[in-house]
Amino acid sequence: MRTTPMLEQYWALKREVPDALLLYRLGDFYEMFFEDAETAAPLLASS
């Protein structure tokens, strides 16, 4: 599977701290991807 340079950087950071929820800055916004987004969604929806 080919990935973008952004996702390569994301996966490298996740390997360093696999238990952390990683917020990735894209321009003016922060994004979460994959399992991090699924884990955070219920927590953010309840606030």
Side-chain angles (χ1 to χ4, degrees):
M1 174 181 175
R2 290 186 61 174
T3 62
T4 63
M6 185 223 44
L7 279 179
E8 289 175 13
Q9 184 181 33
Y10 174 85
W11 288 120
L13 291 167
K14 282 303 285 184
R15 282 191 295 275
E16 288 182 32
V17 284
D19 295 333
L21 290 176
L22 180 61
L23 288 121
Y24 194 92
R25 186 172 177 184
L26 291 171
D28 293 337
F29 301 96
Y30 288 88
E31 299 284 344
M32 288 185 205
F33 301 102
F34 310 109
E35 293 85 12
D36 288 352
E38 292 177 2
T39 300
L43 300 171
L44 295 171
S46 66
S47 43

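Worth saying up front: this structure is predicted, and the values here are computed from it rather than measured. All values below come from the heavy atoms of this structure, side chains included, with hydrogens, waters and symmetry mates left out.
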### Query
Can you tell if the side chain of F33 reaches within under 4.5 Å of the side chain of M6, non-hydrogen atoms only?
yes
N/O donor to acceptor pairs below 3.5 angstrom from side-chain atoms of residues 16-27, sequence neighbours left out:
unit_1	atom_1	unit_2	atom_2	d
Y24	OH	Q9	OE1	2.6
R25	NE	G27	O	2.9

### Task
Identify whether M32 and F34 are in the same connected component of the hydrophobic contact network (ILVMFWY, side-chain heavy atoms under 4.5 Å).
no
### Residues in side chain to side chain donor-acceptor pair (under 3.5 Å) contact with E35, at least two apart in sequence or another chain
none
### Task
Identify the residue among D36, T3, T4 that makes a side chain to side chain contact (heavy atoms under 4.5 Å, CB included) with Y10.
D36
